[in-house]
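Please read the structure below before turning to the comments.
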Amino acid sequence: MSFAALRASARRVNVVAPSARVSRGALRNPAFRKYSTEAPQGSAPKSNNKLLIGGVAAAAIGGVAFWVYTSNSSSAREAGTALKSGAQAAKVATNFVPTKEEYQKVYNRIAEILDAAADKGYDDGSYGPILLRLAWHASGTYDKETNTGGSNYATMRFEPEAKHGANNGLNIARDLLEPIKQEFPWISYGDLWTLAGVAAVQELGGPKVPWRPGRIDGTADLCPPDGRLPDATQGADHVRNIFYRMGFNDQEIVALVGAHALGRCHSDRSGFEGPWTFSPTSVTNEFYKLLLNEKWVWKKWNGPKQLEDKKTHSLMMLPTDYVLVQDKSFKKWVKAYADDEDLWFKDFSAALSRLFELGVPSQQFVTSEAWIMKSSDEKDEN
């Protein structure tokens, strides 16, 4: 029986005990999308109308049919020239255009490294949660009003964004993926990071997440300002402001936050400490069940304000998690997802797929229809 089948079987009987959910290898995890960023200090957002020159070669190598979408004619001519020269250099260097099968090979390599965390004693034995956090944070900086931020340029490679408070610890994930980037130099960092997020969800028992390549790598001047990711100490208004800015509604907000089923917080990164669920390396709807059914009390400690379950004192919730059951509009979706994991899987998959595409012009994608990448279990069965 495959690991995916084992997880599915466990979900059907609603096994929630700490020792019951054993995913591939052993118990797993990492710090998931842990946040806490400072508000922007008066820095005006840059416009993404500035076509990125650095990374055009990566787009060409990836077979991207890239349209010049800038409104500035001189920039368009410069970009067009760079695109042609980049494409030529790509052809000379690689002499191939990656297919879906080539991207599947990258996915497979990512899947192979997830459980290496167990050998290194990292968290709960999986790098999956921190790879998902990387993909989330690289995408969640998008601002629909200025069309800046998002996954297109992979600007967390540069110091300004890498040093944002919300991104503490994500150097672990970036460094983990660097050998894969060297093995497959034709893939852009944005595609690599988001594909890693897809692999994390699928390999840890979650739903299929539609994904397509086409992101190009940018330069440091395209880094978004700090403060665009959620501050976990805040309330419902803040949560809505952050997610509405990206273009999500209340239902999608609750669906995306359910990814806290994975991972844990670290006091040396976000300041918070602990896992959300008893199975931090399995994608389930337990986050919603626990949020609704457990008695949550404020943790007495020297760290930032967070909650803990009254029964075992071993789980945590952030203030931004807790508002999901305090706000009526949010709470109805928490109840719906607690009652129906398949419904959450469907909505989570759709919202996550859209999150990973924020900031990427549709013309850049190599395919109009997103791909479904095969999981390790499917690969092994073939």
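- Within a 6.0 Å radius of CD in Gln182, more than 12 heavy atoms belonging to other residues, nucleotides or ligands are found.
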Residue pair Trp211, Tyr103: steps toward the ring pair (Phe, Tyr, Trp, His ring centres under 6.0 Å) verdict: CA-CA 11 Å; Trp211 177 86; Tyr103 287 101; 5.7 Å; yes

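- Salt-bridge formation is detected for the pair Arg354/Glu252: a Lys NZ or Arg NE/NH1/NH2 atom is positioned less than 4.0 Å from an Asp or Glu carboxylate oxygen.
- Heavy atoms from other residues, nucleotides or ligands lying under 6.0 Å from CG of Asp268 number more than 12.
- Side chain to side chain, Asp143 and Thr148 fail the donor-acceptor criterion of an N or O pair below 3.5 Å.
- Distance check, rounded to the nearest 0.5 Å: NZ of Lys163 to SG of Cys223 gives 12.5 Å.
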Pair Val201-Phe348, side chain to side chain contact (heavy atoms under 4.5 Å, CB included): steps then yes or no: CA-CA 10 Å; Val201 171; Phe348 177 56; 4.1 Å; yes

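- Between the side chain of Ser349 and the backbone N or O of Lys208, at least one donor-acceptor pair lies under 3.5 Å.
- With contacts defined as side-chain heavy-atom distances shorter than 4.5 Å, the pair Met156/His137 qualifies.
- You'll find the side chain of Trp186 reaches within 4.5 Å of the side chain of Val106, heavy atoms only.
- Under the 4.5 Å side-chain heavy-atom criterion for grouping Ile, Leu, Val, Met, Phe, Trp and Tyr, Tyr322 is not connected to Val297 through any hydrophobic cluster.
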Distance-only criterion, 3.5 Å: show the donor-acceptor pairs between side-chain atoms of residues 301-309 and protein atoms not counting sequence neighbours.
residue	atom	partner	partner atom	Å
Trp301	NE1	Pro304	O	2.9
Gln306	OE1	Glu273	N	3.1
Gln306	NE2	Glu273	O	3.0
Glu308	OE2	His313	ND1	3.0
Asp309	OD1	Thr312	OG1	3.1
Asp309	OD1	His313	N	3.2
Asp309	OD1	Ser314	N	3.1
Asp309	OD1	Leu315	N	2.9
Asp309	OD2	Thr312	N	2.9
Asp309	OD2	Thr312	OG1	2.5

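- Counting heavy-atom neighbours within 6.0 Å of Lys100 NZ, excluding the residue itself, gives a total above 12.
- Among pairs with a residue in residues 322-338, those fulfilling salt bridge (Lys or Arg N to Asp or Glu O under 4.0 Å) read Arg240-Asp327, at least two apart in sequence or across chains.
- Partners of Ser139 according to the side-chain hydrogen bond (donor to acceptor under 3.5 Å, both in side chains) rule, which considers only residues two or more places apart in sequence or in another chain, do not exist here.
- A side-chain donor-acceptor contact under 3.5 Å links Thr141 to the backbone of Gly150.
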Residues Ser279, Glu286; criterion side-chain hydrogen bond (donor to acceptor under 3.5 Å, both in side chains); working and verdict: CA-CA 9 Å; Ser279 52; Glu286 290 305 317; over 6 Å; no

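- Here the side chain of Trp371 pairs no donor or acceptor atom with the backbone of Gln104 at under 3.5 angstrom.
- Checking side-chain atoms of Thr194 against main-chain N and O of Gly190 turns up a donor-acceptor pair under 3.5 Å.
- Using a 4.5 Å cut-off on side-chain heavy atoms (C-beta onward), Trp276 and Leu290 make no contact.
- Across Leu292 and Ala338, no two heavy atoms sit closer than the pair CD1-CB, 3.7 Å.
- Taking every heavy atom of both residues into account, Leu352 and Trp136 meet most closely at CD1-CD1, 4.3 Å.
- Checked for salt-bridge contact, Glu294 and Lys289 miss the test: no charged N lies under 4.0 Å from a carboxylate O.
- Annotation: side chain of Leu176 is not in contact with side chain of Tyr122 (no heavy-atom distance under 4.5 Å).
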Salt bridge (charged side-chain N to carboxylate O under 4.0 Å, His left out) between Glu357 and Arg212, worked out: CA-CA 8 Å; Glu357 293 193 355; Arg212 52 184 175 168; 2.8 Å; yes

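- In this structure, Arg215 and Phe356 have side chains that are in contact, with non-hydrogen atoms separated by less than 4.5 Å.
- For the side-chain contact (heavy atoms from CB on, under 4.5 Å) test, residues two or more places apart in sequence or in another chain that qualify with Ala255 are Gln251, Tyr337, Trp344, Asp347.
- Between the side chains of His266 and Asp123, a donor-acceptor pair is found at a separation under 3.5 Å.
- Side-chain polar atoms of His260 and Asp321 form a donor-acceptor pair below 3.5 angstrom.
- Side-chain contact between Asn168 and Ser270 is absent, with no heavy-atom pair separated by less than 4.5 Å.
- With Thr367 contributing its side chain and Ala370 its backbone, the two residues share no donor-acceptor pair below 3.5 Å.
- Donor-acceptor pairing under 3.5 Å is lacking for the side chains of Asn249 and Tyr244.
- Between the CD atom of Glu178 and the CG atom of Asn171 there is a distance of 12.5 Å, given to the nearest 0.5 Å.
- Judged by distance alone, the side chain of Lys374 and the main-chain N or O of Glu378 form no donor-acceptor pair under 3.5 Å.
- Looking only at side-chain heavy atoms (C-beta outward), Val239 and Gln234 stay at 4.5 Å or farther from each other.
- Residues Asn167 and Ala162 approach most closely at CB-O, 3.9 Å, considering heavy atoms.
- Remark: Glu183 engages Arg109 in a side-chain contact (heavy atoms from CB on, under 4.5 Å) (not counting sequence neighbours).
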Evaluation steps, side chain to side chain contact (heavy atoms under 4.5 Å, CB included), between Ile130 and Arg269: CA-CA 12 Å; Ile130 199 169; Arg269 300 177 194 174; 3.7 Å; yes

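- Residues Leu177 and Tyr189 fail the side-chain proximity criterion, which asks for heavy atoms closer than 4.5 Å.
- A donor atom on one side chain and an acceptor atom on the other are not found under 3.5 Å apart for Asp377 and Ser375.
- Nearest heavy atoms, Val360 versus Ser151: CG2-OG, 3.5 Å.
- Pro179 meets the side-chain contact (heavy atoms from CB on, under 4.5 Å) test with no other residue; sequence neighbours excluded.
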Verdict with supporting geometry, Tyr107 and Glu203, side-chain hydrogen bond (donor to acceptor under 3.5 Å, both in side chains): CA-CA 10 Å; Tyr107 176 102; Glu203 295 300 312; 2.7 Å; yes

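- With no hydrogens or angles considered, no side-chain donor-acceptor pair links Thr277 and Arg264 at under 3.5 Å.
- A donor-acceptor pair is defined here as one N or O able to donate and one able to accept, closer than 3.5 Å; such a pair exists between the side chain of Tyr288 and the backbone of Val254.
- Rounded to the nearest 0.5 Å, atoms CH2 (Trp193) and CD1 (Ile187) are 12.0 Å apart.
- To the nearest 0.5 angstrom, Lys295 atom NZ is 13.0 Å from Lys311 atom NZ.
- At least one donor-acceptor pair closer than 3.5 Å links the side chain of Asp340 to the backbone N or O of Leu343.
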Working for side chain to side chain contact (heavy atoms under 4.5 Å, CB included), residues Met317 and Leu291: CA-CA 8 Å; Met317 288 288 171; Leu291 192 55; 3.7 Å; yes

